[in-house]
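Because only heavy atoms are used, hydrogens play no part in the values below, and waters and symmetry mates are left out as well, while side chains stay in. Residue numbers begin at 1 in each chain, while the letters A, B, ... track the order of the sequences.
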Amino acid sequence: MSDDLISQLKTMLIEGLRLEDIMPDDVSPDASLFDGGLGLDSIDALEIGVMLDRQYGVKITSGDERNNQIFASLRSLAEFVAEHRTR
Amino acid sequence: MDAFRAPASSAGGQETRLSFTLEHWCLWRSELASTTGCWPGGEILPCNGGQADVSFMPLIQRRRLSPLAMAACAVAWRCRQLGGDMPAVFYSSHGESQYYFEMLDGMAQGERLSPTRFSLSVHNAIAGQFGIHAESHLPYMCLAGGTEGLFAAFLEAAGMQLEVPKVMVVFYEQPLPEVWQPYLAASKTTWALAMVMARGCESGNQLNLIREPAGDTAEAESGEPSLIRAILSGQRSGGCRLERSNWRWSLGDA
């Protein structure tokens, strides 16, 4: 897993979720995406799932027990994408 | 005083008369509009480069608003600030047509639907987003286009006023996706209008509307509705022929 992938995911989140007031440097790889971190909610989680599928061919389902771990931070999300990406 | 009056019309069918006190109105459109010579008791919000200013909303809510939702929320919020919390009627002929056409196009190409885009394209989504920001627990009604055009919202408001003294009516439209434009004479601009309507009374700006049944088919209005053009130009009375009815309206001082 590379810093490059973390950077790509940051851009994907900021553009895809229209976080227009947030700069990539404002997002720490280890900060929480939800629960007061970036302030994202459950609809954003679904949206991230669709974006990851489109961009990396990664499938995340809403009932997956690992979701809390996968979505804990940008770094954990990048680790999951690096391991499961098909493109 | 009730807003409804329904004497028999000379044409045979039931004529319906609605009477409101227009306490305040607020209009925004994506192209510059003159702020002089318009109807009294209201305001035109700045064009703001073609996108309504919704900086009053926190980013977490604002980022989900479409250009159409921004327009509707901007005018509704201004009326909410001046008139307080009240039940509301939201009216749009075609709603989030840009969003749902993009989704249909994506589905045709086998793409997964965006959950955000889907949830914000249902017809009551804009009213819902506004209601969350306004922290309103009062009834909101959402209407789409029908044979009465935007006048359907006035009928609904009059009905609501049998129970409550004041209703906000919010109208909003945007250009249709290009492929649909040859089939419908829709607006070329994005615009939104909010009106705070109290029951008709003895003072203030009285907006009176009369609906007469009409048997033969009339052509749909093209571009912005005549009522919007009248508000902008200060024209105080006018009419509109629709598929099944003839609407006449006038604004006067009581």
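- For chain A, the nearby part of B/Leu65 is the backbone; its heavy atoms alone come within less than 4.5 Å.
- In terms of heavy-atom proximity, A/Arg54 sits nearest to B/Ser114 at NH2-N, 4.3 Å.
- Considering only heavy-atom pairs separated by less than 4.5 Å from chain B, the leading option among A/Leu19, A/Leu17, A/Asp44 is A/Asp44.
- With a 6.0 Å radius and a threshold of 12 heavy atoms from other residues, nucleotides or ligands, B/Gln109 has its CD atom above the threshold.
- Dense packing is recorded around OH of B/Tyr100, with more than 12 heavy atoms of other residues, nucleotides or ligands lying under 6.0 Å away.
- Of all heavy-atom pairs between B/Arg64 and A/Arg18, the closest is C-NH1, 4.5 Å.
- Contact detail for A/Gly49 and B/Arg112: the closest heavy-atom pair is O-NH1, 4.1 Å.
- Environment of CG in A/Asn68: sparse, with no more than 12 heavy atoms of neighbouring residues, nucleotides or ligands closer than 6.0 Å.
- In this structure, A/Ile43 and B/Thr116 approach most closely via the heavy-atom pair CG2-OG1, 3.6 Å.
- Atom CD of A/Gln69 has 12 or fewer neighbouring heavy atoms from other residues, nucleotides or ligands inside a 6.0 Å radius.
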